[in-house]
Protein chains: 2
Amino acid sequence: MTWRDSLSRTLADYPHPSIAVDVALLTVTEDGRLAVLLHEREEQYETGRWSLPGTFVQVDETLRVAALRALRKKVGVTGQEPQQLRVFDAVDRDDRGRVMSVAHVDLVPSDRLEGTTGTLRRVDSATRRPVLPDGQNGLAFDHDEIVETAVKWARDAYRERPDPRRLIGEEFTLLELQRVHEAVLGRPWQKDTFRRHMVQYLDETGGLSRGAVGKPARLFRRTSPRGEHSRPI
Amino acid sequence: MTWRDSLSRTLADYPHPSIAVDVALLTVTEDGRLAVLLHEREEQYETGRWSLPGTFVQVDETLRVAALRALRKKVGVTGQEPQQLRVFDAVDRDDRGRVMSVAHVDLVPSDRLEGTTGTLRRVDSATRRPVLPDGQNGLAFDHDEIVETAVKWARDAYRERPDPRRLIGEEFTLLELQRVHEAVLGRPWQKDTFRRHMVQYLDETGGLSRGAVGKPARLFRRTSPRGEHSRPI
DNA sequence: ACAATAGTGTCTATTAGACACTATGGG
DNA sequence: CCCATAGTGTCTAATAGACACTATTGT
């Protein structure tokens, strides 16, 4: 007997919380700043409020699939790998009912956001919150807190390893890598310190950068990882 | 209009996953080893299988309350502070239906387990899994993975700070503190390295230990924490 | 005196960070 | 030649780990 049969009715019919996913999709903008993708709510009484893309989790769906569906339907973005942050479960966090949200985060190159129906908002380095237009202060629900957790996750991921979310391509110079890390971490880095910290995780390709002024830089790629993958906080 | 009114029916009546909590309640045994509290399942076809205490989350309940209820009802333990690990959401993880589980962990002094109806099982230091009796190998559901994540959480918490889960009392000697840390981490520590690492987070009380052989040891207490609290991984 | 535990001085190896130097391309 | 960027030698400060020594109690 499987859970699609009548036995499951007794379990599923008992009143239980609904479960949603919300995704803080982060990126690095052209001018080297961290930003988060928002969308404007259209529900009654809420028009004009900003929130993270999210959706309810359907009965047959994993969280990952629900998160990808939210990105596709709400902001028109496809093909990411959202990571779980944590569950936000305050009983009064959603006026529409008893809804818990599994917060997710992802960090993707900005060119994957082309054609999005969402809006990129810079994340303030000090507050770790999105900079909202004019008089507005704060996202809907508990989404400010989700963004803060997401930014912390991204910075933790970029403190140790070279570009773990692959914001840049397979081959890169150390300066290109450093620019990405400075954007995510929101602070500068000494080039020699940065180099000596990262080279242990890099392999030289043998190639050199071309076309720019100055001494051509060596190209590197990430060392193929041996063990653990990146994890949510 | 609140979520108790008719509007919520349309939301809650739509088929959606059930949500459960499972708690890996860890402790340090008399002989200085890490252990996890299990209980024997009584459901049909499952009698004799071991699992973590868990329960379904009710519609009005926070995860914390549900986790505490599971501990009270399933193993007769009260008053802990479970921390979220992550959501386990594989669609086939539970034969009874579509159930996601929010895994929790807590680490408490062994005297709080007096009168429990559960069973303490030592956690193997190498595999990070509970040592099961005779021929059994593996907990029900995905609970082996939860225990592994819980042990990792506990070890991370005890790597930096002095006894963050308060397994020992307010005042203690450095040797007492070291014994607790060695039990959680599952490895010995040099006393001078340990001391110099931990004193920065400790205040001297001025008191001395009494009654034992050898030079009396100074008593310390934890420095009142300024900022962040302990967090799940 | 001796056993046992507490606590410290000091050496080494490693590392982050900073400064300043050398290296190598384009114009 | 000059400029700009790449890459390295080296110094300093901080830290973990280890060893060995001194300190202080009970018996």
Side-chain angles (χ1 to χ4, degrees), chain A residues 31-32 125 155-164 168-223 226, chain B residues 31-32 125 155-164 168-223 226:
Chain A
D31 59 335
S125 242
R155 292 191 172 154
D156 284 347
Y158 274 71
R159 224 177 297 280
E160 281 300 308
R161 299 287 174 145
D163 189 29
I168 52 179
E170 282 304 294
E171 300 196 357
F172 43 81
T173 68
L174 275 161
L175 182 59
E176 289 163 354
L177 184 67
Q178 188 175 341
R179 294 276 175 266
V180 169
H181 279 252
E182 289 178 337
V184 174
L185 292 186
R187 63 170 174 85
W189 207 312
Q190 297 273 120
K191 69 166 182 172
D192 46 4
T193 304
F194 182 78
R195 181 187 202 88
R196 279 185 256 250
H197 184 84
M198 289 299 169
V199 281
Q200 58 181 317
Y201 305 116
L202 298 174
D203 294 326
E204 268 193 70
T205 68
L208 293 176
S209 66
R210 334 199 79 235
V213 316
K215 178 175 173 177
R218 299 178 199 174
L219 295 178
F220 295 85
R221 66 167 58 96
R222 301 165 191 81
T223 303
R226 320 207 173 292
Chain B
D31 60 335
S125 241
R155 292 190 172 156
D156 283 346
Y158 274 71
R159 223 176 297 279
E160 282 298 310
R161 298 287 175 146
D163 189 28
I168 52 180
E170 282 304 292
E171 300 197 358
F172 43 80
T173 69
L174 276 160
L175 183 59
E176 289 164 353
L177 184 66
Q178 186 175 343
R179 295 274 175 268
V180 169
H181 279 251
E182 289 178 338
V184 173
L185 292 187
R187 63 170 175 84
W189 208 312
Q190 297 272 122
K191 68 167 182 170
D192 47 3
T193 304
F194 182 78
R195 181 186 203 88
R196 280 185 255 251
H197 184 83
M198 288 299 170
V199 280
Q200 58 182 316
Y201 304 115
L202 297 173
D203 293 326
E204 269 194 67
T205 69
L208 292 177
S209 67
R210 335 200 78 231
V213 319
K215 179 175 171 177
R218 299 178 199 173
L219 294 179
F220 294 84
R221 66 166 59 94
R222 300 163 191 84
T223 302
R226 318 208 173 294

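Naming convention: chains lettered A, B, ... in sequence-line order (proteins, then strands); numbering from 1 in each chain. Reckoned from all heavy atoms, side chains included, excluding hydrogens, waters and symmetry mates.
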Applying side chain to side chain donor-acceptor pair (under 3.5 Å), name anything that partners B:Gln200, two or more places apart in sequence or on another chain.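 Residues passing side chain to side chain donor-acceptor pair (under 3.5 Å) with B:Gln200: none at all.
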
Could you tell me which residues satisfy salt bridge (Lys or Arg N to Asp or Glu O under 4.0 Å) with [X], sequence neighbours excluded, listed by chain and number?
{"X": "B:Arg155", "answer": "none"}
{"X": "A:Arg195", "answer": "none"}
{"X": "A:Arg179", "answer": "A:Glu182"}
{"X": "B:Glu171", "answer": "B:Arg221"}

Of the nucleotides D:dG17, D:dA18, C:dA18, which one has an atom closest to the side chain of B:Gln190?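 Out of D:dG17, D:dA18, C:dA18, the nucleotide with an atom closest to B:Gln190's side chain is D:dA18.
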
Among D:dT5, C:dG7, C:dT5, which nucleotide has an atom closest to any side-chain atom of A:Leu175?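 Minimum distance to the A:Leu175 side chain belongs to D:dT5.
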
I need the [atom1]-[atom2] distance between [X] and [N], as an integer number of Å.
{"X": "A:Arg195", "N": "C:dT22", "atom1": "CZ", "atom2": "P", "value": "18 Å"}
{"X": "A:Arg159", "N": "C:dG17", "atom1": "CZ", "atom2": "P", "value": "11 Å"}
{"X": "A:Glu204", "N": "D:dA6", "atom1": "CD", "atom2": "C1'", "value": "12 Å"}
{"X": "B:Phe172", "N": "C:dA6", "atom1": "CZ", "atom2": "P", "value": "14 Å"}
{"X": "A:Gln178", "N": "D:dT5", "atom1": "CD", "atom2": "P", "value": "13 Å"}
{"X": "A:Leu202", "N": "D:dG7", "atom1": "CG", "atom2": "C1'", "value": "15 Å"}
{"X": "B:Met198", "N": "C:dG7", "atom1": "CE", "atom2": "P", "value": "16 Å"}
{"X": "B:Arg210", "N": "C:dA6", "atom1": "CZ", "atom2": "P", "value": "15 Å"}

Any heavy-atom pair between the side chains of B:Leu174 and B:Lys191 that's under 4.5 Å?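 Side-chain contact under 4.5 Å: no.
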
Run the ring pair (Phe, Tyr, Trp, His ring centres under 6.0 Å) test against B:Tyr158 and tell me which residues pass, sequence neighbours left out.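 B:His181.
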
Exercise answer: donor-acceptor pairs, residues 210-218 of chain B side-chain atoms, under 3.5 Å, sequence neighbours excluded:
residue	atom	partner	partner atom	Å
B:Arg218	NH1	B:Glu204	OE2	3.3

Give a yes/no on whether any side-chain N or O of B:Arg218 is located under 4.0 angstrom from OP1 or OP2 of C:dA6.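 For C:dA6, neither OP1 nor OP2 has a side-chain N or O of B:Arg218 closer than 4.0 Å.
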
Using nucleotides 11-16 of chain C, report all nitrogen or oxygen pairs with the protein that are shorter than 3.5 Å.
residue	atom	partner	partner atom	Å
C:dA16	OP1	A:His197	ND1	3.2

With rounding to the nearest 0.5 Å, note down the distance linking CG in B:Leu219 to CD in B:Glu170.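 With rounding to 0.5 Å, CG (B:Leu219) is 12.0 Å from CD (B:Glu170).
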
Once each nucleotide of nucleotides 20-27 of chain D is scored for protein heavy atoms under 4.0 Å, what B/S/- sequence comes out, 5' to 3'? ---BBB--

